[in-house]
Amino acid sequence: MNVRRSAAVLAAVAVVGAATPAAADPSPSPSQAFPSALYGGKDPKFDGVWRQSLALLAQDTVGVKPAAKSVEWLVRQQCADGSFAPYRADPTAACDAKTMVDTNQTAAAVQAFTALGGHDAVTGKAVTWLKSVQNKDGGWGYSPGGASDTNSTSVVIGALTAAGEKPEQVEKGGKSPYDALLKLALGCDGDDAGAFAFQPDEKGKLAANADATAAGVLGALGKGMVVKPGEKSEATGATKGEACKDERTPEQAAANGAAYLTKALAEDGHLTSPTPGSDPQPDYGNTADAVVALAARGDTGQAEKSLSWLEKNASAWAAQNGPAAYAQLIFAARATGTNPRDFGGADLVKQLNATGPAPQTAEKTRAAEEKDDSDSGPFGVWWYVGVCLVAGVGIGFLFSGRRNRQQP
């Protein structure tokens, strides 16, 4: 058996092992703080489904097949009505009025499942629920019935697009999600021209918000979290430095928002977050989102500059914040055509994978190995896999017997 065949056999055995059905109940055990299928080690109370969805979506984006039990954990988090809460420690318990479901976790899960494929029932129920909680202005709030905001409306637009829906046709009271976004876009007067607000304040006034603007640009373009590297654009807005235009269309709102982001990023290469009592600090996550938003329009000049800043400065932030942070950087790398496996000298994919269960072998790699070995001898790789599995079964019985003898 040559070296190439040996590697293929080991990979194939690993695939068979990884395909073993997940445990019936991936809930926490008394000796385990959180489910082993969950990515990240921090309390998932507020973001479990969100960070799991981003982790699985990022893995799929780079050709990595996620661990089966991690996908199954996310499936089992869904409530019977199709919605998702941030985290349900006991997924066997039915959701009720006290279950804090929300649009953001649900929309993120939809984007992950549509990318992975094979979960039409899950995504169908989730999309139906999202439509059922759409506000009369066409948008969505974080919680069902909450006032529409730019971020929630945009992440739902991404989910609808991923699921094959046409967001402009998803209406409530004759209003589409784009109508809601346009109401949250600032006009072309003042220093904050073209930005999006998160929500109107109590007096109905809009205040520029960079995070909301990055989300709003993607939403206005009908895009989700993952975008392909775009061609350099000669459209109005950031690429040519043209003035903001008060044309109330999603396309122009996206151009205006991109121009605002370019201006905000130009000085230091990153966005900032105000910290009470101290100087503003770099906002790594929102900078990554802004890179994706600009790249989605083809405004690659500033996107690439800010991506370079992230390559130099974001490693400590990502390590501290875990899977969702690594996923955001992977999305930004992909959007600009940058290799996430060589991100400022770091392998973002390896770092993401290390925050949870080891993923399965990438489909393309496995298929190539199978093809290579099918032509290299009279038996092929699966004959060797069978031998290895038989041996493995024997070894399994051996260790099982040893454990049983060791038990009192």
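We use all heavy atoms of the structure for the numbers below, so side chains are in, but hydrogens, waters and symmetry mates are not.
- Remark: the backbone N or O of Arg334 is not paired with any side-chain donor or acceptor of Thr338 at under 3.5 angstrom.
- Of all heavy-atom pairs between Ala163 and Thr114, the closest is CA-CG2, 4.0 Å.
- Here the closest heavy-atom approach between residue Val227 and residue Leu218 is recorded as CG1-CD2, 4.0 Å.
- Distance check: Asn256 CG to Glu251 CD gives 11.5 Å after rounding to the nearest 0.5 Å.
- The backbone N or O of Asp90 lies less than 3.5 Å from no partner atom in the side chain of Arg76, so there is not a single donor-acceptor pair.
- With respect to Asp43 and Lys45, no salt bridge is recorded, no charged nitrogen being found less than 4.0 Å from a carboxylate O.
- A donor-acceptor pair under 3.5 Å is absent between the side-chain atoms of Asp268 and the main chain of His270, judged by distance alone.
- Annotation: the span from Leu181 atom CG to Arg248 atom CZ amounts to 10.5 Å, rounded to 0.5 Å.
- Considering all non-hydrogen atoms of both residues, Val292 and Ala335 come closest at CA-CB, 4.1 Å.
- Between the side chain of Gln77 and the main chain of Val49, no donor-acceptor pair closer than 3.5 Å is present.
- Ring planes of Tyr284 and Trp317: parallel class, angle under 30° (limits at 30 and 60°).
- Between atom OG1 of residue Thr272 and atom CD of residue Glu267 there is a gap of 9.5 Å, rounded to the nearest 0.5 Å.
- A distance-only check finds a donor-acceptor pair linking the side chain of Gln199 to the backbone of Ala147 [under 3.5 Å].
- Nearest heavy atom pair, residue Arg341 against residue Val62, reads NH2-O, 3.8 Å.
- Judged by distance alone, the side chain of Thr153 and the main-chain N or O of Thr150 form no donor-acceptor pair under 3.5 Å.
- For Asp347 (side chain) and Lys350 (main-chain N/O), a donor-acceptor pair under 3.5 Å exists by modelled atom type.
- Expressed to the nearest 0.5 Å, how far NZ of Lys125 lies from NE2 of His119 amounts to 13.0 Å.
- Between Gly141 and Asn135, the closest heavy-atom pair is N-ND2, 3.7 Å.
- Annotation: the span from Asn104 atom CG to Phe84 atom CZ amounts to 13.5 Å, rounded to 0.5 Å.
- A donor-acceptor pair is defined here as one N or O able to donate and one able to accept, closer than 3.5 Å; no such pair exists between the side chain of Lys183 and the backbone of Tyr178.
- Interatomic distance, CG of Leu54 versus CZ of Arg51, reported as 11.5 Å (0.5 Å rounding).
- Between the side chain of Trp140 and the backbone N or O of Leu130, at least one donor-acceptor pair lies under 3.5 Å.
- Between Ala266 and Gln302, the shortest heavy-atom contact is CA-OE1, 3.7 Å.
- In this structure, the side chain of Ser154 does not engage the main chain of Asn151 through any donor-acceptor pair within 3.5 Å.
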